[in-house]
K.L.:
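Structure in structure tokens, see below.
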Amino acid sequence: MNEELETDYLVVGAGAAAMAFTDALLDHSDATVTIVDRRHAPGGHWIDAYPYVRLHQPSAFYGVSSVPLGQDALDVAGTNAGYYELAGADEIRAYFAHVMDRRFLPGGRVRYFPSSEYLGEGRFVSRLSQQSRTVHVRRKIVDTTYLEGSVPATSPPPFEVAEGVRCVPAGEIARIGERAERFVIIGAGKTALDASVWLLERGVPASAIRWIKPRESWWLNRRFHQPHTLLPDFYRGMAIQLEAMAQATSVDDLCARLEAEGFFLRVDPGVVPTMLHGAVISEAELALLRRIEDVVRLGHVRRIERDEIVLDAGSVPTTGATVHVHCASRGLARPPLRPIFEPGRVTVQPFMWGFACYQFAMLGVVEATVATDEEKNRLCRPIVYWDANADYLSAFIAGLANERARAAYPALASWAKETRLNPLGAIGLHRDAPTVVEARERIKRFGAAAVGNLPKLLGARVS
């Protein structure tokens, strides 16, 4: 049995990107939207997330523009003490369910089909009842799955595991029944960092943790990514970046300058990072991680035997009483770029550095308010997700260019100033703060030189 439906927009996926885009579209147009998602509830990868995960940016900058997330409260304990709250997985799942049930569906312009597999060409089928549906789309199909990555919770380890070896995804360490003598954290990204911090916070001795890192990463200091009363330091972070970009002689020199200012952080001061995914951590988390001294840098894990872990460049011993924690999934995807806006299609991709929900909501505003796909693409040129150090510069340049182009559109400029998702939208409220005044002068002094130097740094990059 096949049901025929009609809609203005068919949105594939119900994660943060889809929800932010749809929310903006509803506010800036009279369009109807049909959302199809294979998961049973809205939230995307948060449905599968490990139980102790939290946002790495403040809740104030996450979600959909029209519905606040969190209480805008400062944490008073833990590794985020003194900074604005970071929503956890349970809170985020509940938030997106609330947005769907209280914001999207009651207005009658949104239809939502969870637990449904999208087959292409406007067709999808229920994963539970096998009910099939064909949607006649009047305007566009919005693909929010083009950049969907993989997470350890739903992806097998990218290495062999011998029978009898205790190897679990990151989330399972919160449910371990039999006590482990040691933990081996496998991976160098945010999941590995979170797993390590969680174990240390719960009293696992640092001596009982081995960390296998294929690469070392730069991390962004949470001090410079705060809203509300702490927004002046965010603005100071912009000045720090532009001054360093104006004066740097290479990508590595730029990173060193940003580290000297405390804007960039690294766990091991003796190892030069080659990875930069844009994740944000606190200095308190950094202090915890530096307690782990058993760090293995022999490349990627190839297989885990009962008594040894075999890597690209050697092996290390292990035991049957060790729990190996799989944090080594592919993460964010980096497929070939394609225009975001095309006839009959929107392919959601990043077009600026960081703050995913802000930019994906911006795509919804652009779709609703800008006349042609050609002009929309001029305002939102896609970039690949950042991985190597130089990707940070490429993303920064693209963000500046896109922002200048959008400033000529009053509707976009007005929305960007007012939405809670824009991290610097409320900086005008702090215009007379000494930190902001000083940072403004630095930006004036170094901004043009930074813009001129960035292409040179990319042309001569060594990282």
K.L.:
Show me the donor-acceptor pairs, under 3.5 Å and distance only, between side chains in residues 117-125 and residues at least two apart or in other chains.
P.N.:
residue: Glu117; atom: OE1; partner: Arg127; partner atom: NE; Å: 3.3
residue: Tyr118; atom: OH; partner: Glu121; partner atom: N; Å: 3.4
residue: Tyr118; atom: OH; partner: Gly122; partner atom: N; Å: 2.9

K.L.:
Report, as yes or no, whether the 6.0 Å neighbourhood of atom CZ on Arg290 holds more than 12 heavy atoms from other residues, nucleotides or ligands.
P.N.:
yes
K.L.:
Is the closest basic N to carboxylate O distance between Arg297 and Asp268 below 4.0 Å?
P.N.:
yes
K.L.:
Could you tell me which non-hydrogen atom of Ile35 sits nearest to which non-hydrogen atom of Ala14, and how far apart they are?
P.N.:
CG2-CB, 3.9 Å
K.L.:
If you compare all heavy atoms of Ser126 against all heavy atoms of Ser116, which two are closest, and at what distance to 0.1 Å?
P.N.:
CA-OG, 4.0 Å
K.L.:
Measure across Trp198 and Ala174 and return the closest heavy-atom pair with its distance rounded to 0.1 Å.
P.N.:
CH2-CA, 3.6 Å
K.L.:
Which of these, Phe234, Trp219, Phe263, sits in a ring pair (Phe, Tyr, Trp, His ring centres under 6.0 Å) with Phe224?
P.N.:
Phe263
K.L.:
Start with the C-alpha distance between His225 and Tyr84, add both sets of side-chain angles, then the distance that settles ring pair (Phe, Tyr, Trp, His ring centres under 6.0 Å), and finish with yes or no.
P.N.:
CA-CA 10 Å; His225 295 82; Tyr84 281 93; over 10 Å; no
K.L.:
Salt-bridged, Asp373 to Lys140, with N to O below 4.0 Å?
P.N.:
yes
K.L.:
Around Arg338, counting heavy atoms of other residues, nucleotides and ligands shown, do more than 12 lie under 6.0 Å from its CZ?
P.N.:
yes
K.L.:
Look only at the side chain of Ser115 and the backbone of Arg38, and say whether a donor-acceptor pair between them is shorter than 3.5 Å.
P.N.:
no
K.L.:
Only counting residues at least two apart or in another chain, list the ones meeting salt bridge (charged side-chain N to carboxylate O under 4.0 Å, His left out) with Glu438.
P.N.:
Arg442
K.L.:
If you measure from the Lys or Arg side-chain nitrogens to the Asp or Glu carboxylate oxygens, is any gap between Arg257 and Glu243 under 4.0 Å?
P.N.:
no
K.L.:
Could you tell me which non-hydrogen atom of Leu458 sits nearest to which non-hydrogen atom of Ala390, and how far apart they are?
P.N.:
CD2-O, 3.5 Å
K.L.:
Using modelled atom types only, decide if a donor and an acceptor are shared between the side chain of Asp143 and the backbone of Arg345 within a distance under 3.5 Å.
P.N.:
no
K.L.:
Using atom types as modelled and distance alone, determine if a side-chain donor or acceptor of Arg138 lies under 3.5 Å from a backbone N or O of Glu6.
P.N.:
no
K.L.:
So does Leu289 get a backbone contact from the side chain of Ser196, meaning a donor-acceptor N/O pair under 3.5 Å?
P.N.:
no
K.L.:
Between Tyr235 and His430, is the ring centroid distance below 6.0 Å?
P.N.:
no
K.L.:
Is it true that a side-chain atom of Arg266 and a backbone atom of Val271 form a donor plus acceptor pair closer than 3.5 Å?
P.N.:
yes
K.L.:
Just by distance, no angles: are the side chains of Glu367 and Tyr9 close enough, under 3.5 Å, to form a donor-acceptor pair?
P.N.:
yes
K.L.:
Search all heavy atoms of Arg406 against all heavy atoms of Leu379 and return the closest pair with its distance.
P.N.:
NH1-O, 3.1 Å
K.L.:
Would Thr34 and Arg111 count as a side chain to side chain contact (heavy atoms under 4.5 Å, CB included) if you check the C-alpha gap in whole Å, the side-chain angles of each, and the deciding distance to 0.1 Å?
P.N.:
CA-CA 5 Å; Thr34 298; Arg111 284 177 294 188; 3.7 Å; yes
K.L.:
How close do Trp386 and Ala395 get, counting heavy atoms only, and between which atoms?
P.N.:
CE3-CB, 3.8 Å
K.L.:
Does Ser66 form a side-chain hydrogen bond (donor to acceptor under 3.5 Å, both in side chains) with Asp23? I'd like the steps, not just the answer.
P.N.:
CA-CA 7 Å; Ser66 67; Asp23 180 74; 2.5 Å; yes
K.L.:
So, the side chain of Arg381 versus the backbone of Asn402: is there a donor-acceptor pair under 3.5 Å, distance only?
P.N.:
no
K.L.:
Walk me through it: do Arg109 and Asp8 pass the test salt bridge (charged side-chain N to carboxylate O under 4.0 Å, His left out)?
P.N.:
CA-CA 10 Å; Arg109 292 164 58 197; Asp8 291 323; over 6 Å; no
K.L.:
Which residues pass the salt bridge (charged side-chain N to carboxylate O under 4.0 Å, His left out) test with Asp27, sequence neighbours left out?
P.N.:
Arg103
K.L.:
Where the side chain of Tyr95 meets the backbone of Val64, is there a donor-acceptor pair that is under 3.5 Å apart?
P.N.:
yes
K.L.:
Would the number of heavy atoms belonging to other residues, nucleotides or ligands and lying under 6.0 Å from CD of Glu403 be above 12?
P.N.:
no
K.L.:
Yes or no on side-chain hydrogen bond (donor to acceptor under 3.5 Å, both in side chains) for Thr419 and Ser65, after CA distance, side-chain angles and deciding distance?
P.N.:
CA-CA 6 Å; Thr419 178; Ser65 182; 2.7 Å; yes
K.L.:
Checking Glu283 against Asn221: is there a side-chain donor and acceptor pair closer than 3.5 Å?
P.N.:
yes
